[in-house]
Amino acid sequence: MLKTSQGLYVTPERDDIPYPLTRKEAFYFLENVLLISDPAKLLEQDSIMFLNTFIHGMTTKIPFTSIPDVSKPINDKHLPTFAECKEAIFSREGGDCFYKNIFSKALLDLMGYNTFHVGGNNPGENQFDTHTGIIVCDLSYPGSLHLAEPGTRRPLFEAIPLDFDQESPVYHFHFMKSKFFKRDNGILLWCAHAPEHTAPSTYIIESGDEFWKIQLTYRLHQQRSRKYFTERAQYMAKIPTLIPSVHYALYLLAYKEKKLFNYLYQNQKNLARLKIQGEGLSESEIQLLAPDEMIDSIVENFPQYTRDTIQTALDNIPEKDDIPYPLMREEAFHFLKNVLLIPDPLNLLQQDSILFLNTFIQRMTTEIPFTSIPDVSKPINGKHCPTLTEGKEAIFSRQGGHCFYKNIFSKALLDLMGYKTFHVGGNNPGEDHFDTHTGIIVCDLSYPGSLHLAEPGTRRPLFEAIPLDFDQESPMYHFHFMRSKFFMRDNGILLWCAHAPEHTAPSTYIIESGDEFWKIQLTYRLHQQRSRKYFTERAQHIAKIPTVIPSVHYTLYLLAYKEKKLYSYLYLNHKDLVRLKVQGEDLSESDIQLLAPDEMIGSIVENFPQYTRDTIQNALDNAENDDIPYPLTRDEALYFLENVLLIPDPIILFKQDHILFLNTYLHRMITEIPFTNIPQVSQPMDEKHCPTFTECKEAIFSRQGGHCFYKNIFSKALLDLMGYKTFHVGGNNPGEDQFDSHSGIIVCDLSYPGSLHLAEPGTRRPLFEAIPLDFDQESPEYHFLFMRSKFFKRDHGILLWCVHAPEETKTSSNVIKSKNNYWRVQVIYRLNNKRSRTYFFHKGQYRFRIPPCLPQIHDKVFLCAYKGNKMLLFLLKQNFAGFKCDTLDPSETEFQLLSVEEFIDNIVNNFPQFPREMVVRAIESQHYISNQFQI
């Protein structure tokens, strides 16, 4: 790790993929393409002036565009090579940030600048580091950092010094005023002036009397390399829906005579938008062009593009819904009459299109169940994303399905009826993947330009299309038992909320309106029209990784109507019980029953005979909890307790005091079994894999230990064998871009029926006892070894484990003030999402094979182990090695820097369960992975 003069710790990079650019070519480009006169002299005289001149030239003379990507032949789509990128830059065709900023960094390096890449994101993206940024070091003084951005659609004509404290001065380039804000953990926010603040928005920052909208979020503490961005781009290029703008849109932003020409052609309309922006915000003109007119305009204004290139790009942009739905108009009318039982649907459609639509929505909701049965009843070895034909068959047979089945079918039918519709993506609160829900918008229904939300494919009753012509909030709607209200937010965000009779504060999912509170149910992104192709590709991706939407793979649910009552069956994979809720039209008319699985099968088959007994039984069998057994017997567990953890008479202790046994076990698991990644990163280079549970068990028995995947999954299995009732929960360190990277344990019914305790033998932080979770908002303070801990509850089952922060960090969202103390968040748990071994094993197979997904496991060698009352922490990252010793007294903490040989010797001498060759292999693996993946 290196420390800049601004106190920012960064990881050195190694660009092991060379860029094919020579110094001679670089000077040719500067003089003949960017038209910088005598660049060598300018560079020698004033390196800052040279840099700013280069940035201005790269921004105004080399377009920011998707044309080089979308104009590639359909059968030859690939990530551009650096040679192709260079050709596009030299020819003035330009490209996106991958083309422009990687080229720019290579050129600046040849000019003698000290630079590194950083990753960035546009707000709301669900993939990290989709943008490639540049940081220039030591420009104005040793240790200084400047942001250089020649490769975005926004004008930033100079390098921005990052030596400000919390917020930068205001910068004004071309039409745009910019300001930069720093946040914790090396986060830098590039914001544009927002003359009119639309509150509330997570993307708006208030500074003085002005408002600023976030444009890009950078992570400065993570230096990235060309290799890193190349591998990310190769991954994203295979799944077009990850960055749709690169695959499904033609955009071109190019300057001519101090005006910015901004062309945009998307796959949802057969029109292009051209915005010509002068240097003042008021100097703008917007035109709508036919495709041929757009081609003419581009070729006339920017002759580096040929007519054939633009036409090819347009041809390659897939038309809206280019995957046809296998439904004919005759089939649609048959379905309306014979399945939904709408009499004379054609006549109704011709008389009143709104009444027809509302009738269709109500019948689709009440006649076609919302359920996971078609998915979870598939054979385990035949799991796949349902085809559109399979979706249609499930709808026609009244078996139904979730939104992918019901709403994609519904849109296809409505299109056949003559409605103008498009899909939008949505999410339930707290989900870690975008667009897990498929919604429908109906256009021009009540007047030209009107929009209505149509939702026949959710578990919530919304029996009519909702007009979206309100300003900030809609009227209240009451369908069946549920009262709904809708709220508009910035950037086309629509919130569907249900009435919350009792407000649970504070919550990011609760909105106050007048004297009432509303809880968010779904969040839609209206400004992003989606197609069947988009959702099909996302579903294919999600189907391969069951943990992305566990409810589809591990839960049997069925919501179906009978005689104006909603029957809601829910079988979770963590209990051998089914909850049946029968809900009438009024909230008070509800009946909840707990059923055994056989009773549930009987109830479903009796009330909804479209399902066979075998189908439901298959679904139940496939939704079993922890269907991967842990290879540990009770005899082995007792041997481990007595001979490895050295707990005398564990059975007697357990019978005498369950809590004391548990706390003894936790203390010994932490102090006797190291927390380390050595067993995993020491795997042979050609055999990298997610460790099997047998391998994990062997590492635990041999006292080599492991990280949470080793220690906590083993611990839960052992505690279950001892008679405890437990479940796993997922957790995260703050700022991680992958959910549930940590496996936690909750122990139930320990002190009384219904009690919950957090048990954590599998972290590097000492938590020697189980923590009771029966506090209200915040727990008492706990003090184990050198560390003071406190726990805080938040809405939706969020539990925050925090450690005492002696110095307040005012600008951190990860610091909580309680009375006169500050507490820094260490782990975020989601208690309401019970997880299984299967869940974590699936996630491990995905993450442990792709090092950038879990860099904290792959980018270093770490060992946290105890000797007496001392906790020893060894850390090696690239060529930096260190040692830290903590005791009961924080003032006695000891730090040492070690050579690699000293690092190995210290581990082998103090902890002989690690052979020297194992530690050496771990170090070699870490170096290789760091070089390959730049993490």
Side-chain angles (χ1 to χ4, degrees), residues 320-321 323-371 373-374 386-424 438-446 450-467 477 479-480 531-532 535 558-567 607-611:
K320 182 182 180 182
D321 282 348
I323 297 180
Y325 197 92
L327 181 69
M328 297 183 296
R329 189 170 167 87
E330 293 79 4
E331 289 179 305
F333 277 113
H334 173 85
F335 174 79
L336 293 166
K337 284 192 220 181
N338 298 286
V339 180
L340 296 193
L341 308 178
I342 300 174
D344 203 352
L346 180 59
N347 186 43
L348 178 60
L349 175 66
Q350 292 172 342
Q351 288 181 348
D352 191 330
S353 61
I354 295 180
L355 180 58
F356 173 92
L357 177 61
N358 291 339
T359 304
F360 170 77
I361 292 171
Q362 180 176 13
R363 295 292 176 87
M364 270 297 291
T365 306
T366 57
E367 298 293 329
I368 309 298
F370 182 81
T371 180
I373 290 174
T387 65
L388 299 180
T389 298
E390 290 173 326
K392 183 181 84 168
E393 291 171 357
I395 300 296
F396 267 71
S397 66
R398 289 194 179 90
Q399 290 192 7
H402 46 65
C403 63
F404 184 79
Y405 290 74
K406 295 186 70 179
N407 278 355
I408 290 186
F409 172 89
S410 295
K411 180 190 180 300
L413 184 144
L414 292 174
D415 290 346
L416 288 172
M417 296 296 111
Y419 291 89
K420 182 181 177 185
T421 68
F422 62 87
H423 280 305
V424 290
T438 310
I440 305 171
I441 299 295
V442 181
C443 309
D444 306 332
L445 185 62
S446 50
S450 71
L451 298 177
H452 285 67
L453 174 69
E455 267 297 356
T458 81
R459 61 181 176 82
R460 307 161 186 96
L462 201 68
F463 293 158
E464 296 180 4
I466 304 300
Y477 296 91
F479 301 112
H480 204 249
S531 68
R532 283 192 284 267
F535 283 111
L558 169 64
L559 293 93
Y561 287 81
K562 181 180 179 182
E563 297 171 359
K564 297 187 178 181
K565 290 184 177 180
L566 173 59
Y567 286 66
N607 288 296
F608 304 101
Q610 63 262 47
Y611 302 104

Decide side-chain contact (heavy atoms from CB on, under 4.5 Å) for Y567 and L558; before the verdict, give the C-alpha distance in whole Å, the side-chain angles of both, and the deciding distance to 0.1 Å.
CA-CA 8 Å; Y567 286 66; L558 169 64; over 6 Å; no

For F479 and Q362, what are the C-alpha separation, side-chain angles and deciding distance, and is it a side-chain contact (heavy atoms from CB on, under 4.5 Å)?
CA-CA 10 Å; F479 301 112; Q362 180 176 13; over 6 Å; no

Checking T421 against I441 for the side-chain contact (heavy atoms from CB on, under 4.5 Å) test, could you report, in this order, the C-alpha distance in whole Å, the side-chain angles of both residues, the deciding distance, and whether it holds?
CA-CA 6 Å; T421 68; I441 299 295; over 6 Å; no

side-chain contact (heavy atoms from CB on, under 4.5 Å), that's the test. Do L413 and M417 meet it? Break it down for me.
CA-CA 6 Å; L413 184 144; M417 296 296 111; 4.0 Å; yes

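Pairing each heavy atom of G400 with each of I395, the nearest pair is CA-CD1, 4.2 Å. Counting all heavy atoms, side chain and backbone alike, A332 lies closest to L327 at N-CD1, 4.1 Å. Closest approach of H423 to S531, counting heavy atoms only: CD2-C, 4.4 Å. Scanning both residues, N358 and A465, for their nearest heavy atoms gives OD1-N, 2.8 Å. P374 approaches Q399 most closely through the heavy-atom pair CG-O, 4.4 Å. What you find for L340 and R363 is that their closest heavy atoms are O-NH1, 2.8 Å.
Within the 4.5 Å cutoff, no side-chain heavy atoms of F360 are placed close to those of Y419. Side-chain contact between T366 and F463 is present, with heavy atoms from C-beta onward closer than 4.5 Å. No side-chain heavy atom of L462 sits under 4.5 Å from any side-chain heavy atom of I361.
Rounding to the nearest 0.5 angstrom, the gap separating the OH atom in Y561 from the CZ atom in F370 is 11.0 Å. Once rounded to the nearest 0.5 Å, the distance linking CD1 of I354 with OG1 of T359 reads 11.5 Å. Between atom CG of residue L346 and atom CD of residue Q351 there is a gap of 10.0 Å, rounded to the nearest 0.5 Å. Taking CG from L566 and CG from L559, the interatomic distance works out to 5.5 Å, rounded to the nearest 0.5 Å. Between the CZ atom of F356 and the CG atom of L336 there is a distance of 4.5 Å, given to the nearest 0.5 Å. Between F335 atom CZ and I342 atom CD1 the span is 8.0 Å, to the nearest 0.5 Å.
Of the possible polar contacts, none joining the H402 side chain to the R459 backbone as a donor-acceptor pair under 3.5 Å is found. No donor-acceptor distance shorter than 3.5 angstrom exists from the side chain of R532 to the backbone of P324, with no hydrogens or angles considered. Side-chain atoms of Y325 do not come within 3.5 Å of backbone N or O of K411 as any donor-acceptor pair.
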For residues 403-410, please give each side-chain donor-acceptor pair under 3.5 Å, one per line with the distance, not counting sequence neighbours.
{"unit_1": "Y405", "atom_1": "OH", "unit_2": "D375", "atom_2": "OD1", "d": "3.3"}
{"unit_1": "K406", "atom_1": "NZ", "unit_2": "M364", "atom_2": "O", "d": "2.9"}
{"unit_1": "K406", "atom_1": "NZ", "unit_2": "I368", "atom_2": "O", "d": "2.6"}
{"unit_1": "K406", "atom_1": "NZ", "unit_2": "P456", "atom_2": "O", "d": "3.0"}
{"unit_1": "N407", "atom_1": "OD1", "unit_2": "G457", "atom_2": "N", "d": "2.9"}
{"unit_1": "N407", "atom_1": "ND2", "unit_2": "T438", "atom_2": "O", "d": "2.6"}
{"unit_1": "N407", "atom_1": "ND2", "unit_2": "E455", "atom_2": "OE1", "d": "3.1"}
{"unit_1": "S410", "atom_1": "OG", "unit_2": "K406", "atom_2": "O", "d": "2.7"}

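For the side-chain hydrogen bond (donor to acceptor under 3.5 Å, both in side chains) criterion with N607, the lone passing option out of K562, E563, K565 is K562.
Judged as a salt bridge (Lys or Arg N to Asp or Glu O under 4.0 Å), the pairs with a partner in residues 329-339 (not counting sequence neighbours) are, in order, E331-K392.
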